Engineer: 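One structure coming up, written as structure tokens, with questions to follow.
Fair warning: this is a prediction, and the values are worked out from it, not measured in the lab.
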Amino acid sequence: MKKRKIALPLLACSLLLGNSFVLASCGDQIVNDGIHFRVTYQSSADYEIKGLEKQYEAGEKVSFTVSIKNKKKKLIYVVANKLILNLKDSAYSFEMPSEHVSIQIILEDKEQGEGGEVDPGDEPGSQEEIDDTVQPFTISNYQAKVSKQGTFRFEAEKVDVTNYKISSDNPSKIVERSDASDGKFLAAATGDNSSGGYFAFSINCDFAIEFTMSVAYAQSNKWKGNDEDLTKSYTYILDENKNVTLSKNTILSKRDDITKWDVKEYDKQTVTKGVHTFKVSIAENTGVGNPNIDYLDFKIRKIEDYVEPEDKSTVPDNDFHTQLQYDYIHNPNVESIEQYAKGAQELSRPRAIKLDFSKDQLGPAASYYVEIADDINFTKNYVLYEELEEDYLEFYNLMLGQKFYWRAGISKKKVKEGLIHELEIASEGPRNLYVDGISNFRDVGGYDSDLIEGGKVKQGLYFRGANPNSVTDTGKETLYNELGIRVEIDMRDSYQCTGPYIDGIEYHAESIPSGTESRRFEEFADVYKRIFTLVHNADKAPIYLHCTAGADRTGISTFMLLTLCGVSYTDLARDYLFTNFSTQGSRFSNFTSEFKQWWSKLDKLSGNTKADKAESWLISKGMTYEQCEHIREIFVPGYEAEV
């Protein structure tokens with residue numbers, strides 16, 4: 001059984017120590033009329049109480065402050081009768097019951113060194129400069145070994161061309177020519193994107209990395225007189241789901257000399273330790289050909305692990321976000337995500353909410369009992385935990401803003417006499433969840449909605465996450481029993497949609513192919529219609545929607561739902577970028593190339609607000625006005641559909 005040593009006996013009010021009470025204030029005579037009730041506390045040189053009156057009417061709000069005067073002591077509890085009070089807006093408060101109240105102040109000694117200034121430490125992820133001198137990769141079976149930082153070259157002729165289809169302008173897939181970096185280059189792909197051709201390669205990383213890929217291109221002789229838009233040419237799909245985007249300098253200009261190669265730098269990416277695949281195919285048949293490829297350079301930087309501070313936490317006890325998550329959520333700059341996470345480390349899960357009764361003066365015991373309920377009388381949604389070996393309980397997956405009461409004891413009888421703790425979970429989202437075997441999992445509920453005054457998006461209806469390929473039996477139990485999910489929507493490429501995965505959860509494959517980012521706002525109407533028809537019934541059958549990473553295809557569907565429900569730009573952005581806390585790669589570049597595009601493209605649609613423009617988008621995909629309004633009604637309690 002876990003034991004915790006307290007340096008000196010706790011200091012408490014007279015109820016605990018047997019001393020006599022003093023009135024909270026003096027002056028007028030106390031009225032004993034059954035309406036007014038006294039407040040008393042024990043005076044002490046260790047603390048000072050301000051703001052208490054001598055008596056209050058039943059139902060009146062009581063508010064006061066406590067300051068610690070003895071610098072060697074720290075405050076543990078402020079108790080009103082048996083109810084432990086929480087500090088809010090620098091004061092303690094409660095509603096006066098129909099009985100006299102004694103205030104108890106419980107202190108303990110500070111540990112040595114406690115209470116000083118903390119060292120903020122280095123900014124997470126700070127890194128050194130990387131040498132730009134190009135070195136050759138060590139390549140075996142089309143796979144490059146990454147064992148150190150630096151700039152490395154993957155000669156294009158060393159990729160796997162088994163399934164590659166070339167244009168008629170070159171004699172073979174690999175062409176020898178002296179101007180190429182290693183005397184060879186990869187011939188241009190055919191413009192026929194229906195052929196299914198692609199080339200492939202992979203990198204094997206000894207540690208998590210951040211990389212920037214640069215590719216050397218030049219037109220073939222046939223197409224040298226044409227500008228080529230590279231965003232419509234080669235599409236680089238990383239790990240079967242993420243498009244390595246080219247967001248700047250996207251045009252390969254026409255040229256007279258096809259031996260002059262242009263180098264194009266793609267957007268920065270992050271990956272975890274291990275093997276990562278690249279599949280490169282043609283996005284569109286542009287009619288102006290595709291370029292030859294000489295080499296692919298990778299500027300590689302090691303990502304140091306982000307470390308959660310153990311002794312410097314500023315996260316309130318009622319908040320289930322980790323320190324890194326909490327710091328990001330409370331940073332006014334929503335685009336600061338890479339200060340806290342880069343998508344290369346599993347940081348997406350919440351921390352446990354801990355019910356710690358080690359300081360409740362229960363005394364030594366072989367086991368403990370804990371009662372939990374929604375009301376102070378312990379009658380609503382009552383639960384009893386019996387014969388616990390530890391002097392605390394930990395919970396995951398509580399709701400934002402959830403409020404409950406709890407108390408502990410050393411027997412079923414003694415637990416009824418325990419100090420009553422009131423706990424209200426912090427209300428600021430996202431509501432990230434712990435589902436064993438699934439990364440990047442969260443409930444999209446809990447955000448403020450401007451559809452109505454004081455509106456909130458309802459929790460427990462729509463969950464987003466990465467794929468469930470590795471979900472454990474415990475994770476399945478969480479999905480079905482704890483979260484109540486009854487519908488799974490899988491948006492991955494069709495060959496990856498092999499569900500159902502979880503007994504009792506209805507499976508729907510609604511595929512949107514990888515590499516289609518630029519088309520997802522305008523196209524795939526049938527897919528979106530089927531998805532939002534299911535969302536329309538989420539109050540009866542809660543939904544788990546995912547793609548591979550739970551980021552981009554999942555992202556646009558979630559973006560439209562939350563925008564329809566009147567969620568702010570800031571909350572939408574944080575929800576999208578929160579994927580960085582998972583192992584699914586940084587989404588910062590996609591935030592510009594996708595998320596911001598969705599937001600701006602909505603302005604072309606009809607409607608006075610972004611929420612109404614999102615409704616117009618859904619209607620353009622085949623949803624009816626009535627269906628959209630019903631979605632708002634079930635997701636924003638109190639909203640009434642406009643007829």
Engineer: Between D374 and K403, does any NZ, NE, NH1 or NH2 come within less than 4.0 Å of an OD or OE carboxylate oxygen?
Structural biologist: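 D374 and K403: not salt-bridged.
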
Engineer: Is K82 paired with E417 through a side-chain N to carboxylate O contact shorter than 4.0 Å?
Structural biologist: no

Engineer: Examine Y369 together with Y385 and report whether their ring centres are nearer than 6.0 Å.
Structural biologist: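 Ring centroids of Y369 and Y385 are no less than 6.0 Å from each other.
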
Engineer: How about K596: does its NZ atom have over 12 heavy atoms from other parts shown lying under 6.0 Å from it?
Structural biologist: yes

Engineer: Tell me whether the count of non-hydrogen atoms from other residues, nucleotides or ligands lying under 6.0 Å of CG in D317 goes above 12.
Structural biologist: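 12 or below, so no.
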
Engineer: Please say whether the positively charged group of R351, taken as NZ for Lys or CZ for Arg, lies over the ring of F320, i.e. under 6.0 angstrom from the six-membered ring centre and within 45 degrees of the axis.
Structural biologist: no

Engineer: State whether the side chain of S557 and the backbone N or O of T554 hold a donor-acceptor pair below 3.5 Å, judged by distance alone.
Structural biologist: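 Checked: no pair found.
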
Engineer: Please lay out, stage by stage, how K476 and D436 fare under the test salt bridge (charged side-chain N to carboxylate O under 4.0 Å, His left out).
Structural biologist: CA-CA 8 Å; K476 293 176 182 179; D436 198 35; over 6 Å; no

Engineer: If you draw the axis of the six-membered ring of Y328, does the NZ or CZ of R574 fall within 45° of it and under 6.0 Å from the ring centre?
Structural biologist: yes

Engineer: For H100 and Q55: C-alpha separation, side-chain torsions, deciding distance, then whether side chain to side chain donor-acceptor pair (under 3.5 Å) applies.
Structural biologist: CA-CA 9 Å; H100 302 309; Q55 60 185 21; over 6 Å; no

Engineer: Between K88 and E424, does any NZ, NE, NH1 or NH2 come within less than 4.0 Å of an OD or OE carboxylate oxygen?
Structural biologist: no

Engineer: Can you tell me if CG on D89 sees more than 12 non-hydrogen neighbours from other groups inside 6.0 Å?
Structural biologist: no

Engineer: Which is it for E386 and V370 under the side-chain contact (heavy atoms from CB on, under 4.5 Å) test, yes or no, and what are the steps along the way?
Structural biologist: CA-CA 7 Å; E386 302 183 64; V370 176; over 6 Å; no

Engineer: Can Y368 and S358 be said to form a side-chain contact (heavy atoms from CB on, under 4.5 Å), step by step?
Structural biologist: CA-CA 11 Å; Y368 299 96; S358 63; over 6 Å; no

Engineer: If every non-hydrogen atom of A549 is compared with every non-hydrogen atom of N440, which pair is closest and at what distance?
Structural biologist: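 That would be O-ND2, 3.0 Å.
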
Engineer: Would you sort out whether T583 and Q345 count as a side chain to side chain donor-acceptor pair (under 3.5 Å), showing the intermediate values?
Structural biologist: CA-CA 5 Å; T583 56; Q345 186 181 351; over 6 Å; no

Engineer: Which is it for I372 and L355 under the side-chain contact (heavy atoms from CB on, under 4.5 Å) test, yes or no, and what are the steps along the way?
Structural biologist: CA-CA 10 Å; I372 299 177; L355 309 187; 3.8 Å; yes

Engineer: When you look at D46 and K69, which way does the salt bridge (charged side-chain N to carboxylate O under 4.0 Å, His left out) test go after all the steps?
Structural biologist: CA-CA 5 Å; D46 290 323; K69 296 190 291 183; over 6 Å; no

Engineer: Please walk me through it: do Y41 and Q104 pass side-chain contact (heavy atoms from CB on, under 4.5 Å)?
Structural biologist: CA-CA 6 Å; Y41 69 90; Q104 310 166 36; over 6 Å; no

Engineer: Is K273 close enough and on-axis enough to F207, meaning under 6.0 Å and within 45°, for cation-pi?
Structural biologist: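 Judged by the rule, K273 and F207 form no cation-pi pair.
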
Engineer: Which heavy atom of Q269 sits nearest to which heavy atom of S589, and what is that distance?
Structural biologist: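 Scanning both residues completely, I find the closest heavy atoms to be NE2-OG, 3.9 Å.
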
Engineer: Evaluate the salt bridge (charged side-chain N to carboxylate O under 4.0 Å, His left out) criterion for residues R632 and E640: first the C-alpha distance (whole Å), next the side-chain angles of each, then the deciding distance (0.1 Å), finally the verdict.
Structural biologist: CA-CA 8 Å; R632 284 176 165 174; E640 295 182 1; over 6 Å; no

Engineer: Does E390 pair with K354 as a salt bridge, N-O distance under 4.0 Å?
Structural biologist: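 Not counted as a salt bridge, because no side-chain N and carboxylate O are separated by less than 4.0 Å.
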
Engineer: Hey, is R587 close enough to D552 for a salt bridge, meaning N to O under 4.0 Å?
Structural biologist: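 So R587 pairs with D552 through a salt bridge.
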
Engineer: So, is the end of the R431 side chain (NZ or CZ) under 6.0 Å from the ring centre of F463 and within 45° of the ring's axis?
Structural biologist: no

Engineer: Could you label the plane-to-plane angle of the F441 and Y544 rings as parallel, tilted or perpendicular, counting under 30° as parallel and over 60° as perpendicular?
Structural biologist: tilted

Engineer: May I ask you to say whether E108 pairs ionically with K73, meaning some side-chain N is under 4.0 Å from a carboxylate O?
Structural biologist: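 K73 and E108: not salt-bridged.
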
Engineer: Is the distance between the ring centroids of F595 and F559 under 6.0 Å?
Structural biologist: yes

Engineer: Is the centre of the Y340 ring less than 6.0 Å from the centre of the F581 ring?
Structural biologist: no

Engineer: Parallel under 30°, tilted from 30 to 60°, perpendicular over 60°: which one fits the rings of F591 and Y576?
Structural biologist: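 If you compare the ring of F591 with that of Y576, the planes turn out tilted.
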
Engineer: Does a salt bridge link K458 with D539, judged by any charged N lying under 4.0 Å from a carboxylate O?
Structural biologist: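 No.
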
Engineer: Salt-bridge test for K61 and E95: reply yes if a basic N is under 4.0 Å from a carboxylate O, no otherwise.
Structural biologist: no

